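Start at 1 with the first residue, then count along the sequence. Computed from heavy atoms alone, side chains included, the values below leave out hydrogens, waters and symmetry copies. Counting starts at 1 for both ligands and their atoms, following the listed order. If you're wondering where the values come from, they're calculated on a predicted model, not measured in any experiment.
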Amino acid sequence: MSCGMVCTNMGVKAGKRIGVKGEIAAGAKSFVLNLGKDQANILLHFNPRFDVHGDARIIVCNSKDKGEWGAEQRESAFPFQEGTNVEIFITHDPSNLTIALPNNHQFKFPNRLGLQVIDFLNAEGDFTIKSIQLE
Ligand SMILES: C=CCO[C@@H]1O[C@H](CO)[C@@H](O[C@@H]2O[C@H](CO)[C@H](O)[C@H](OCc3cn(-c4n[nH]c(N)n4)nn3)[C@H]2O)[C@H](O)[C@H]1NC(C)=O
């Protein structure tokens, strides 16, 4: 069951960008942004880990297809600080998502599900969404 904010019917097509502004809690251990079709079909599970599952200050990304996790992709860039406000941009593309982080870091994650439209976004963990921008 999701505890954080859930957005549905977002209708974000390829070429469009989603901006998520939010606050990372003081003492944060981990937070999650999930984007995709629904809870079971996630195009991008974006999971910055401050200190959880034996991971320290690393971003773990994955996909979920019909409830099944894919292979993790780990990013060492970690431009996040507990107790601060942050903005993350995700650009949708039929082949690869581009995730833009603070401090001009960015990386790509494959569109494994081949989703043409992102309808679902939810946040979990030590992060409070303040605004979502669709452009
Ligand atoms: C080394 C042998 C076992 O491997 C570990 O197996 C764990 C369990 O599958 C992996 O953690 C999962 O990794 C998934 C992505 O591949 C998800 O991140 C999964 O968490 C789903 C989740 C977390 N949250 C959440 N809610 N609130 C917070 N803070 N987080 N909501 N959904 C995590 O529990 C974890 O990433 C994985 N570690 C490695 C190194 O592979």
Side-chain angles (χ1 to χ4, degrees):
M1 185 190 79
S2 168
C3 303
M5 178 188 284
V6 180
C7 302
T8 59
N9 301 319
M10 294 175 69
V12 178
K13 294 184 168 65
K16 297 294 184 188
R17 189 172 81 152
I18 302 167
V20 180
K21 211 179 263 186
E23 183 177 353
I24 301 171
K29 296 292 182 200
S30 162
F31 71 90
V32 169
L33 294 179
N34 289 314
L35 295 94
K37 184 181 173 207
D38 51 38
Q39 290 270 19
N41 297 281
I42 298 170
L43 191 53
L44 173 65
H45 171 82
F46 175 81
N47 178 205
R49 298 181 179 179
F50 291 85
D51 181 14
V52 75
H53 296 304
D55 288 310
R57 302 185 67 77
I58 195 158
I59 299 170
V60 174
C61 292
N62 206 341
S63 55
K64 187 181 270 190
D65 192 357
K66 299 182 188 70
E68 297 295 321
W69 287 114
E72 294 187 348
Q73 174 177 309
R74 299 167 112 75
E75 299 296 328
S76 54
F78 197 85
F80 301 114
Q81 289 296 330
E82 301 93 318
T84 64
N85 289 299
V86 69
E87 189 161 23
I88 298 151
F89 293 95
I90 303 99
T91 301
H92 184 20
D93 176 89
S95 306
N96 291 287
L97 302 177
T98 301
I99 298 92
L101 305 173
N103 304 345
N104 295 319
H105 290 287
Q106 74 173 33
F107 66 92
K108 292 194 182 295
F109 187 79
N111 181 344
R112 295 171 177 166
L113 279 64
L115 274 189
Q116 295 302 313
V117 180
I118 294 174
D119 273 321
F120 171 86
L121 181 151
N122 90 303
E124 298 284 357
D126 305 320
F127 186 79
T128 305
I129 291 182
K130 299 296 185 188
S131 71
I132 295 172
Q133 190 183 329
L134 305 182
E135 55 192 20

Identify the closest protein heavy atom to atom 26 (N) of ligand 1: which residue and atom is it, and at what distance? E124 CB, 3.5 Å
As a test of the contact definition, would atom 2 (C) of ligand 1 count as having a protein heavy-atom neighbour under 4.0 Å? no
Should the proximity of R49 to ligand 1, defined as any heavy atom under 4.0 Å, be assigned to the side chain, the backbone, both, or neither? side chain
Between K29 and D126, which heavy-atom pair has the shortest distance, and what is it? N-OD2, 2.7 Å
If you scan protein heavy atoms around atom 28 (C) of ligand 1, the nearest is G125 CA, 3.6 Å
Got a protein heavy atom sitting under 4.0 Å from atom 5 (C) of ligand 1? no
Can you tell me if K130 has over 12 outside heavy atoms packed within less than 6.0 Å of its NZ? yes
Considering only heavy atoms of H53, which atoms of ligand 1 have at least one such atom less than 4.0 Å away? 11 (O), 33 (C), 34 (O)
At less than 4.0 angstrom from any non-hydrogen atom of N47, what atoms of ligand 1 do you find? 18 (O)
Under 4.0 Å to a heavy atom of E72 - the qualifying atoms of ligand 1, by number: 10 (C), 13 (O), 14 (C), 15 (C), 16 (O), 35 (C), 36 (O), 37 (C), 39 (C), 41 (O)
List the closest protein heavy-atom neighbour of atom 22 (C) of ligand 1: residue, atom name, distance to the nearest 0.1 Å. H45 CE1, 4.0 Å
Hey, are D55 and R74 close enough for a salt bridge, meaning a charged N less than 4.0 Å from a carboxylate O? yes
Angle between ring planes, F78 versus F50, binned at 30° and 60°: parallel, tilted or perpendicular? perpendicular
Which residue from S30, A71, G70, A123 reaches closest to atom 29 (N) of ligand 1 through any of its heavy atoms? S30
Going by a strict under-4.0 Å cutoff (protein heavy atoms only), does atom 9 (O) of ligand 1 have a neighbour on the protein? no
Just by distance, do the side chain of D119 and the backbone of T8 share a donor-acceptor pair under 3.5 Å? no
Against ligand 1, does R74 come closer than 4.0 Å with any heavy atom? yes
Membership question, hydrophobic clusters at under 4.5 Å side-chain separation (ILVMFWY): are V12 and M5 in the same one? yes
When you measure from atom 19 (C) of ligand 1 to every protein heavy atom, which one gives the shortest distance, and what is it? W69 CZ2, 4.2 Å
Less than 4.0 Å from atom 17 (C) of ligand 1, is there any heavy atom belonging to the protein? yes
Considering non-hydrogen atoms of the protein only, which is the closest contact for atom 30 (N) of ligand 1, and what is the distance? V32 CG2, 3.7 Å
Once the angle between the rings of F80 and F31 is folded into 0 to 90°, is it parallel (under 30°), tilted (30 to 60°) or perpendicular (over 60°)? perpendicular
Nearest heavy-atom neighbours spanning S63 and W69: O-CE3, 3.2 Å
Please indicate whether E68 has more than 12 foreign heavy atoms, meaning atoms of other residues, nucleotides or ligands, lying under 6.0 Å from its CD. no
Does Q73 reach ligand 1, in the sense of a heavy atom lying below 4.0 Å from it? no
Using atom types as modelled and distance alone, determine if a side-chain donor or acceptor of N111 lies under 3.5 Å from a backbone N or O of D93. yes
Return the minimal non-hydrogen interatomic distance between A123 and I129, and the atom names on each side. CB-CD1, 3.7 Å
Are any of the N/O atoms in D55 less than 3.5 Å from those in ligand 1? no
